[in-house]
Amino acid sequence: MAYEGGADVVQLRMKHADGGDMLSQAIAIREIAEDMCRIFIVNDRVDIAIASGADGVHLGQSDIPVDVARRLMGSDALIGCSVTTVEEAVKAVEDGADYVGVGSIFTTSTKPDAAQGLGLSPIYEIKQAVDVPVVAIGGINRGNIQDVIRAGADSAAVVSAVVAQDDVRAAAHDLRDLILKVRPHIRPDDINFRLLQVPSIPPHPLYYL
């Protein structure tokens with residue numbers, strides 16, 4: 001439903017699941033992503049990403065280091081890394097990250113272990129320091145998604161703003177529409193994910209977590 005609503009990337013996040021359960025979910029989502037020519041990444045688990053054939057993995061500061069994940073997954077994999085500071089962002093890119101997720105921008109209950117309420121300034125500062133896409137993460141919804149884009153984010157990661165809504169398709173569509181209203185001219189080179197260089201994958205600006 002998220003893909004149908006306009007999300008270009010879906011991330012599987014199952015913090016406390018057994019490996020077998022997570023792998024079965026990953027394989028099912030990967031098949032849907034392939035059918036719809038969209039991107040699928042796995043949170044934290046490099047092994048699940050590889051075993052399921054996912055397009056990539058998103059890593060936190062306490063997960064497998066980006067450079068190690070790159071060696072394991074190869075040059076074609078999409079690897080993202082959560083950061084809170086310019087220093088963390090620069091290191092992630094130097095180690096091979098394709099994008100950085102900045103947050104938590106606003107207070108969120110989805111990631112209680114993350115730094116909370118960083119505000120918009122880190123988005124701008126990190127965007128000036130790295131040459132990869134910056135994804136705003138944490139507490140993002142209809143009321144503030146345009147603010148993070150104006151601050152310099154290339155896209156936004158959301159959870160409850162989509163999956164907790166009565167109409168998941170409509171929620172994803174509405175968020176993408178709000179982004180496009182402040183970023184109306186999206187070119188393929190605006191989002192330099194390796195996978196978005198494939199013509200069959202549309203370069204839309206909404207990243208769904």
Side-chain angles (χ1 to χ4, degrees), residues 1-84 88 92 95-104 108-116 133 135-140 155-169 171-172 175 193-196 198 201 206-209:
M1 290 187 289
Y3 282 139
E4 288 174 348
D8 296 290
V9 183
V10 164
Q11 179 184 126
L12 175 63
R13 187 171 183 266
M14 298 174 67
K15 285 288 189 178
H16 306 295
D18 293 335
D21 292 339
M22 190 172 184
L23 179 59
S24 65
Q25 290 288 331
I27 291 172
I29 298 173
R30 188 258 302 161
E31 291 173 350
I32 295 169
E34 288 181 350
D35 289 342
M36 301 183 71
C37 293
R38 301 298 175 90
I39 297 172
F40 167 56
I41 59 177
V42 174
N43 187 64
D44 296 346
R45 297 288 299 270
V46 173
D47 57 336
I48 299 295
I50 294 173
S52 67
D55 297 303
V57 68
H58 184 86
L59 303 169
Q61 290 295 311
S62 61
D63 294 324
I64 290 177
V66 170
D67 56 347
V68 175
R70 177 62 68 199
R71 290 200 301 271
L72 292 171
M73 300 188 70
S75 60
D76 292 334
L78 179 64
I79 297 179
C81 183
S82 292
V83 301
T84 60
E88 289 177 351
D95 288 346
D98 296 294
Y99 72 91
V100 293
V102 181
S104 176
T108 175
S109 60
T110 303
K111 290 189 173 185
D113 57 335
Q116 296 285 326
V135 180
I137 296 176
I140 297 170
S155 52
V158 300
V159 182
S160 59
V162 168
V163 298
Q165 306 308 304
D166 292 336
D167 190 331
V168 170
R169 293 183 187 88
L175 290 175
F193 290 152
R194 290 189 180 98
L195 290 169
L196 290 185
V198 179
I201 301 178
L206 173 63
Y207 173 99
Y208 162 71
L209 174 60

Practice problem: List the atom of Gly138, the atom of Ser104, and the distance in Å for their closest heavy-atom pair. | Solution: CA-OG, 3.4 Å
Self-check item: Minimum heavy-atom distance between Ala69 and Ile64, given as atom pair plus value
Solution: N-CG2, 3.9 Å
Self-check item: Trace of the side-chain contact (heavy atoms from CB on, under 4.5 Å) decision for Arg38 with Val10
Solution: CA-CA 8 Å; Arg38 301 298 175 90; Val10 164; over 6 Å; no
Quiz item: Can you find a heavy atom in the side chain of Cys81 that is under 4.5 Å from one in the side chain of Gln61?
Solution: yes
Exercise. Taking all non-hydrogen atoms of both residues into account, name the closest pair between Ile48 and Gly19 and its distance.
Key: CD1-O, 3.6 Å
Practice problem: Please name all residues satisfying side chain to side chain donor-acceptor pair (under 3.5 Å) with Gln25, sequence neighbours left out, ordered by chain then number. | Solution: none
Self-check item: Heavy-atom pair with the smallest gap, counting every atom of Asn43 and Met22
Solution: O-CE, 3.8 Å
Quiz item: Among all residues two or more places apart in sequence or in another chain, which pass the side-chain contact (heavy atoms from CB on, under 4.5 Å) test with Glu34?
Solution: Arg30
Exercise. Locate the shortest heavy-atom distance separating Ala54 from Val42; write the atom from each residue and the value.
Key: CB-CG2, 3.9 Å
Self-check item: Met14 and Leu23, any side-chain heavy atoms less than 4.5 Å apart
Solution: no
Quiz item: Which value, rounded to the nearest 0.5 Å, describes the distance between Lys15 atom NZ and Asp44 atom CG?
Solution: 3.5 Å
Quiz item: What pairs with Ile32 under side-chain contact (heavy atoms from CB on, under 4.5 Å), at least two apart in sequence or on another chain?
Solution: Tyr3, Met36
Quiz item: Is the side chain of Asp98 donor-acceptor paired with the backbone N or O of Ile79 at a distance under 3.5 Å, no angle test?
Solution: yes
Quiz item: Considering residues at least two apart in sequence or located in another chain, which fulfil the side chain to side chain donor-acceptor pair (under 3.5 Å) criterion with Asp63?
Solution: none
Quiz prompt | Counterpart residues, salt bridge (Lys or Arg N to Asp or Glu O under 4.0 Å), relative to Arg169 (two or more places apart) | solution = Glu4
Quiz item: Can you check whether Ser160's main-chain N or O pairs, donor with acceptor, with Gln165's side chain at less than 3.5 Å?
Solution: yes
Practice problem: May I have the step-by-step check of side-chain contact (heavy atoms from CB on, under 4.5 Å) for His58 and Ile137, ending in yes or no? | Solution: CA-CA 12 Å; His58 184 86; Ile137 296 176; 4.3 Å; yes
Quiz item: Side chains of Phe40 and Ser52: closer than 4.5 Å at any heavy-atom pair?
Solution: yes
Exercise. Apply side-chain contact (heavy atoms from CB on, under 4.5 Å) to Asp95 and list each qualifying residue two or more places apart in sequence or on a separate chain.
Key: Val66, Asp67, Lys91
Quiz item: Can you name the residues that form a side-chain contact (heavy atoms from CB on, under 4.5 Å) with Glu31, not counting sequence neighbours?
Solution: Ile27
Quiz item: So, for Val83 and Ala92, which heavy atoms are closest and what is the spacing to 0.1 Å?
Solution: CG1-CB, 4.4 Å
